[in-house]
Amino acid sequence: MADQIRNSSRKEMLTYSYLLIYIALSSGQIFFNKWVLSSKEINFPYPLGLTLLHMVFSSVICFVLTKVTKIMEVQKGMTLEIYTTSVFPIGAMFAVTLWLGNTAYLYISVSFAQMLKAIMPVVVFALGVAVGLEAMSCSMLLIMSVISFGVLVASYGEININWVGVVYQMGGVVGEALRLIFMEILVKRKGVRLNPISMMFYVSPCSAVCLFVPWIFLEMPKMESWSFRPLVLAFNSLSTFALNLSVFLVIQHTSALTIRVAGVVKDWVVVLLSAILFADTKLSMVTLFGYAIAIGGVAAYNNHKLKKEACDETSAGSKLSTTRTISPPTSASV
């Protein structure tokens with residue numbers, strides 16, 4: 001009994017450790033990217049180049065881990081048809097999301113960018129309804145209205161608003177919503193489930209290719225006079241990969257609900273800390289009130305999605321049980 005209690009306590013401590021690492025790395029990476037892109041010390045205002053570097057670094061590390069050292073394994077079953085119709089679009093949308101999201105940091109504060117991301121469930125739901133993955137209901141319409149109202153109030157209360165940054169950030173939100181839709185199609189319609197390492201192994205090279213072409217025309221000519229800082233960029237890329245790895249660990253050791261709650265906590269940490277760390281961040285009471293409303297709507301959306309997923313799993317299990325019950329008489333008649 002004592003051993004069971006100790007083991008249970010160790011598992012809980014390990015779970016909390018993974019969650020804290022995820023929140024710290026996720027928040028830290030946002031601040032790190034903002035500092036690299038907009039600080040005078042680094043002077044690297046090239047979001048496309050930074051994102052491309054992250055994807056190349058991730059591709060190389062994944063290849064080393066899975067093919068050279070073989071510490072981790074890539075899941076089998078990937079076909080050319082699945083790769084071209086599902087994985088490549090996911091990689092392309094991931095590239096767009098990171099590119100536009102990082103570009104937004106050049107124009108708006110970290111906290112306001114984070115607040116605009118709260119509109120994500122609305123965009124995902126609207127696209128899901130458009131492609132037949134979601135069904136419109138009164139409850140979901142109410143939740144979407146609450147989130148939208150909260151984001152509007154937060155935007156109204158923003159002191160230093162820059163509409164160019166807003167457009168970039170909303171473009172990143174649409175890109176992320178499309179990525180999530182493509183991932184849902186990959187899982188639901190094609191029955192492919194990849195763990196995070198396998199997903200990174202397949203997606204990172206696609207994203208790198210999609211970023212490389214525009215980088216040649218948009219940023220490479222401007223970077224000729226830039227003084228290279230390899231240690232800072234290498235550490236930035238390494239921290240990005242560590243963040244992705246922490247997501248892998250959190251998914252392995254926690255539930256979907258825990259991950260969603262951790263995401264909400266991380267958002268609040270980023271919003272509040274950015275007001276302390278960056279001079280361009282000024283939070284008004286109206287902005288915080290609006291963001292609190294939006295986060296309440298996001299929490300309701302997460303709860304609704306979890307209940308729906310639980311119902312789907314229960315119905316799938318009951319169908320399987322019914323099939324197994326009916327099968328023996330059918331076999332006997334044959």
Side-chain angles (χ1 to χ4, degrees), residues 25-59 90-120 123 160-180 200 203-223 226 228-230 232-244 247 263 266-267 269-271 273-274 277-278 280-281:
L25 285 173
S26 184
S27 306
Q29 187 61 38
I30 292 171
F31 297 141
F32 199 176
N33 286 347
K34 170 72 174 178
W35 180 67
V36 169
L37 290 167
S38 59
S39 71
K40 293 179 181 179
E41 293 86 355
I42 302 301
N43 191 27
F44 189 79
Y46 307 112
L48 188 51
L50 184 66
T51 309
L52 174 60
L53 182 63
H54 290 168
M55 291 300 100
V56 171
F57 188 87
S58 179
S59 300
I90 290 171
M93 290 303 103
F94 192 42
V96 169
T97 299
L98 296 175
W99 171 18
L100 297 181
N102 283 332
T103 304
Y105 291 145
L106 296 174
Y107 301 95
I108 58 177
S109 65
V110 170
S111 62
F112 188 47
Q114 208 65 29
M115 291 178 190
L116 290 176
K117 287 180 185 178
I119 201 74
M120 179 75 69
V123 182
N160 300 318
I161 191 167
N162 185 306
W163 290 106
V164 175
V166 171
V167 170
Y168 274 120
Q169 185 59 53
M170 294 309 296
V173 167
V174 172
E176 176 65 6
L178 286 169
R179 184 184 75 87
L180 293 173
M200 285 167 59
V203 168
S204 295
C206 298
S207 299
V209 170
C210 293
L211 290 165
F212 183 71
V213 176
W215 174 76
I216 291 175
F217 296 101
L218 297 177
E219 288 187 356
M220 191 176 74
K222 302 176 186 177
M223 294 176 68
W226 175 71
F228 188 60
R229 301 226 178 169
V232 173
L233 294 181
F235 187 66
N236 183 264
S237 301
L238 184 61
S239 62
T240 302
F241 184 79
L243 170 60
N244 293 330
V247 173
K266 182 264 297 181
D267 292 341
V269 168
V270 170
V271 168
L273 278 182
S274 63
L277 297 174
F278 298 105
D280 65 346
T281 301

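- Counting only distance, with no hydrogens or angles, the side chain of S207 and the backbone of G91 share a donor-acceptor pair below 3.5 Å.
- How far CG of L243 is from CG of L238: 11.5 Å, rounded to the nearest 0.5 Å.
- Taking every heavy atom of both residues into account, M120 and A177 meet most closely at SD-N, 3.8 Å.
- If you take CG on L180 and CZ on F94, they are separated by 10.5 Å, rounding to the nearest 0.5 Å.
- Across every non-hydrogen atom of N33 and N236, the tightest pair is OD1-ND2, 3.1 Å.
- S58 places no side-chain N or O within 3.5 Å of a backbone atom of H54 that could act as its donor or acceptor partner.
- Between K117 and D267 there is no side-chain heavy-atom pair separated by less than 4.5 Å.
- For L218, the side-chain contact (heavy atoms from CB on, under 4.5 Å) test picks out L48, W99, P214, with sequence neighbours left out.
- Counting all heavy atoms, side chain and backbone alike, G165 lies closest to Y107 at CA-CB, 3.5 Å.
- Note on residues 164-180: pairs passing side chain to side chain donor-acceptor pair (under 3.5 Å), not counting sequence neighbours, are E176-R179.
- F44 places a side-chain heavy atom less than 4.5 Å from the side chain of L233.
- The CG atom of N102 lies 4.0 Å from the OG1 atom of T51; values are rounded to the nearest 0.5 Å.
- Using a 4.5 Å heavy-atom threshold, the side chains of Y105 and V36 count as separate.
- In the displayed structure, F212 atom CZ is contacted under 6.0 Å by at most 12 heavy atoms of other residues, nucleotides or ligands.
- Taken to the nearest 0.5 Å, the CZ atom of F32 stands 5.5 Å off from the CZ atom of F235.
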Between W215 and M223, is the side-chain contact (heavy atoms from CB on, under 4.5 Å) condition met? List the steps.
CA-CA 10 Å; W215 174 76; M223 294 176 68; 3.4 Å; yes
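- When T103, L98, L52 are each tested for a side chain to side chain contact (heavy atoms under 4.5 Å, CB included) with P47, only one passes: T103.
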Apply the test side-chain contact (heavy atoms from CB on, under 4.5 Å) to residues L273 and F31: give CA-CA distance (whole Å), side-chain angles for both, the deciding distance (0.1 Å), then the verdict.
CA-CA 9 Å; L273 278 182; F31 297 141; 3.6 Å; yes
Applying side-chain contact (heavy atoms from CB on, under 4.5 Å), run through L25 and Q29 and close with a yes or a no.
CA-CA 6 Å; L25 285 173; Q29 187 61 38; over 6 Å; no
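- Here the closest non-hydrogen pair linking I108 and N162 is CG2-O, 3.6 Å.
- In this structure, V173 and L116 approach most closely via the heavy-atom pair CG2-O, 4.2 Å.
- Minimum interatomic distance between Y46 and E219 (heavy atoms only, all atoms of both residues): CB-OE1, 3.2 Å.
- For the atom pair CE of M55 and SG of C206, the computed distance is 11.0 Å after rounding to the nearest 0.5 Å.
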